[in-house]
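Notes for the one structure printed next.
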Amino acid sequence: MPIRIYNTLTRKKELLQPIEEGHVKLYVCGITSYDYCHIGHARSVLVFDVIVRYLRYRGYKVTFVRNFTDIDDKIINRANEQHVDAAELAQRFIEEFYVDTDRLGVLRPDLEPRATEHIDEMIVLIRELIDRGLAYRSGNDVYYRVDRFADYGRLSGRNLEDMQAGARIEVNEQKQHPMDFVLWKGSKPGEPKWESPWGEGRPGWHIECSAMSRKYLGETFDIHGGGKDLIFPHHENEIAQSTGATGKPFANLWIHHGFVTIHDEKMSKSLHNFLTIREVLAQYPPEVLRLLIFSTQYRNPLDFSAAAMRDAEAGLDRMYDCLSRIAGCDGGGDGKSVISLKDRKKIESLRPRFESAMDNDFNTARALGLLFDTIKVLNKVVSMLPAQPASDDIELLQNGGNTVRELAGLMGLLRDDPAVYVEIKKKMLLESLDITIEDIEKLIGDRARARERKDWATSDTIRDRLLQDGIELQDGPEGTTWDIKLR
RNA sequence: GGCGACGUAGCCAAGUGGUAAGGCAGUGGUCUGCAAAACCAUUAUUCACCGGUUCAAAUCCGGUCGUCGCCUCCA
């Protein structure tokens with residue numbers, strides 16, 4: 001079965017047909033490193049993480065390049081505010097980026113080029129554009145001449161007239177056309193700068209991706225990705241630069257994911273409504289955020305809220321509980337199978353159904369639904385099992401559980417041992433409560449003695465008291481266990 | 001103003017012509033001293049609204065309303 005991907009350029013789902021048989025070349029726009037990453041960045045990183053993992057699972061070789069923008073106005077401004085060196089600031093937040101993405105269990109790309117390490121390649125590209133009449137020098141800057149590039153606006157579905165009509169751009173005397181964009185910026189005193197044929201300066205934002213993708217993936221490659229907000233102007237300008245310079249198509253497929261919203265508004269630095277990855281991970285296990293993000297197809301908006309995280313957490317618990325239950329079902333005998341043909345088929349057909357969901361534009365929401373659907377059947381089977389279950393049934397359960405875990409793993413889910421997952425969560429939640437494990441255990445002991453004398457009033461008082469602290473008691477055949485009550 | 005996306009149960013969310021996946025919450029049951037947890041079962045005659053095409057529409061076409069995004073830095 002072929003993989004179909006929605007292509008922003010054509011607004012249709014298209015078959016993935018790598019230029020080089022079996023080898024997908026993917027370029028994704030990474031962060032500008034001047035601050036901590038928010039969960040919108042997390043979505044970007046996680047969406048491409050699952051895409052890369054899935055393509056590899058499907059047998060493709062994937063060369064995955066994601067850049068760091070480590071020089072730009074925002075970095076310079078922030079560095080000035082904090083009285084630090086711009087390069088140091090950029091380096092620091094690249095390191096913080098790794099702290100966050102490592103905690104999320106994100107695979108590192110094959111190559112992570114930085115803008116400042118590719119100034120020479122950018123200069124070469126700008127020269128080519130000047131030679132072809134697509135760029136011009138103006139003062140200390142170099143600009144791209146948009147009206148010379150016939151396809152300008154194709155990716156974002158606009159034309160120059162429309163854009164000018166609604167443009168909120170300030171008039172710049174240096175530009176021949178208001179929509180022209182800067183390729184090289186002459187530096188002002190005190191700013192980071194590099195030598196160039198046009199004097200000291202620094203590159204414009206868009207040119208780095210054209211230069212670096214060309215260097216590592218070639219003039220034409222398979223997939224270029226990023227957030228929807230990059231379609232215009234960033235990706236539009238990349239196409240103008242790259243195709244302008246080479247005369248060849250740039251990327252064949254463009255993947256753009258939707259935004260994370262809060263109260264249905266886009267999360268962004270300028271609106272000050274963002275939550276950083278680390279703020280969220282201080283409250284929830286990383287896989288909860290992954291589950292939330294993959295519960296919606298990547299192109300749709302995703303509204304973040306505590307309620308949504310709670311739901312995701314409950315769902316993840318359900319997944320782990322199922323695995324843990326299956327792990328407890330060992331020792332098959334030669335009893336009769338209790339699994340119906342229908343249930344057996346459902347369990348055994350998970351993989352092809354999962355693949356067909358993912359083949360259809362990486363529909364993780366549907367894929368997760370299939371996983372839960374299988375979990376429902378697995379749970380049912382476990383509950384039907386007699387004392388001496390048939391070894392065939394045990395084998396089917398274990399295979400089913402293993403398949404669930406393997407496929408969930410493509411989304412970076414169910415990677416913990418179920419028992420470990422529970423422990424980590426308990427520890428995390430206990431830290432936010434005003435009670436120690438010793439206190440809890442002492443009260444459980446008191447209550448056990450009360451229960452022995454059938455003093456239900458005392459027993460219930462203790463239980464209620466603990467519940468007020470967020471501790472939930474569970475009486476079982478082997479004594480009383482406790483758990484943190486979910487938010 | 002231009003361009004685009006979306007509107008499916010209380011909430012989230014699949015479904016892109018063949019008679020509504022899944023999760024959370026709710027309800028009933030099993031279990032329990034009573035609970036909780038867990039498991040099982042169950043929950044939309046209907047897909048914003050109005051028209052049209054079709055044997056058949058949540059899915060296609062036209063219109064209306066609503067929400068959001070891009071056109072400035074943004075994942």
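Note on naming: letters A, B, ... go to the chains in the order of the sequence lines (proteins, then strands), and numbering restarts at 1 for each one. Hydrogens, waters and symmetry mates play no part in the numbers below; they use all other heavy atoms, side chains included. All figures in this text were calculated on a predicted structure; none of them were measured in a lab.
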Side chain to side chain, [X] and [Y], heavy atoms closer than 4.5 Å:
X	Y	result
Ile39(A)	Phe274(A)	no
Asp73(A)	Ile75(A)	no
Asp393(A)	Arg344(A)	yes
Gln283(A)	Met309(A)	no

Under 4.0 Å, heavy atoms only, any strand: does [X] hit a base, just the sugar-phosphate, or nothing?
X	result
Thr261(A)	nothing
Lys74(A)	sugar-phosphate
Lys266(A)	base
His234(A)	nothing
Arg158(A)	base
Arg325(A)	sugar-phosphate
Gly157(A)	sugar-phosphate
Val260(A)	base
Met384(A)	nothing
Asp475(A)	base
His256(A)	nothing
Leu473(A)	base

Taking the [atom1] atom of each, how far is [N] from [M], in whole Å?
N	M	atom1	value
C70(B)	A75(B)	C1'	14 Å
A13(B)	G69(B)	P	16 Å
U27(B)	G10(B)	C1'	13 Å

If I take atom [atom1] in residue [X] and atom [atom2] in nucleotide [N], what distance separates them, rounded to the nearest angstrom?
X	N	atom1	atom2	result
Phe68(A)	A75(B)	CZ	P	12 Å
Leu385(A)	C40(B)	CG	P	13 Å
Phe259(A)	U67(B)	CZ	P	19 Å
Met267(A)	C73(B)	CE	C1'	17 Å
Phe372(A)	A13(B)	CZ	P	15 Å
Arg463(A)	A37(B)	CZ	P	11 Å
Leu407(A)	G22(B)	CG	P	18 Å
Asn159(A)	G1(B)	CG	P	17 Å

We want to know whether [X] and [Y] form a side-chain donor-acceptor pair, criterion being a heavy-atom distance below 3.5 angstrom.
X	Y	value
Tyr27(A)	Glu238(A)	no
Asp361(A)	Tyr298(A)	yes
Asp70(A)	Ser33(A)	no

Checklist entry - Ring of Trp456(A) versus six-membered ring of G33(B): centres under 5.5 Å and planes under 30°? => result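 Taking the rule of under 5.5 Å and under 30°, the ring of Trp456(A) does stack on G33(B).
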Checklist outcome for this item: Considering only heavy side-chain atoms of Arg447(A), the closest of G69(B), A37(B), G33(B) is G33(B)
Next on the checklist: Among A38(B), C73(B), C34(B), which nucleotide has an atom closest to any side-chain atom of Asp460(A)?
Outcome noted: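 Nearest to the side-chain atoms of Asp460(A), counting from C-beta on, is C34(B).
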Checklist entry - Watson-Crick or G-U wobble partner for A21(B), using a 3.5 Å limit on both distances? => result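 No nucleotide pairs with A21(B).
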Next on the checklist: Under a 3.5 Å cut-off for both contacts, is U67(B) paired Watson-Crick or G-U wobble with anything, and if yes, with which nucleotide?
Outcome noted: A5(B)
Checklist entry - For the ring pair His235(A) and His206(A), is the centre-to-centre distance below 6.0 Å? => result no
Item to check | Under 3.5 Å donor-acceptor pair, Arg451(A) side-chain atoms to G33(B) base atoms | outcome: yes
Checklist entry - Say you draw a straight line from CG of Asp416(A) to CG of Leu316(A); how long is it, rounded to the nearest 0.5 Å? => result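 Reported to 0.5 Å precision, the distance equals 8.5 Å.
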Pull out every protein N or O sitting under 3.5 Å from an N or O of nucleotides 14-21 of chain B, one pair per line with the distance.
{"residue": "A14(B)", "atom": "OP1", "partner": "Gln297(A)", "partner atom": "N", "Å": "2.9"}
{"residue": "A14(B)", "atom": "OP1", "partner": "Asn300(A)", "partner atom": "OD1", "Å": "3.2"}
{"residue": "A14(B)", "atom": "O3'", "partner": "Asn363(A)", "partner atom": "ND2", "Å": "2.9"}
{"residue": "G15(B)", "atom": "OP1", "partner": "Asn363(A)", "partner atom": "ND2", "Å": "2.6"}

Checklist entry - Taking for each residue the nucleotide of RNA chain B with the nearest heavy atom, is it Phe232(A) or Ser44(A) whose nucleotide lies nearer the 5' end? => result Phe232(A)
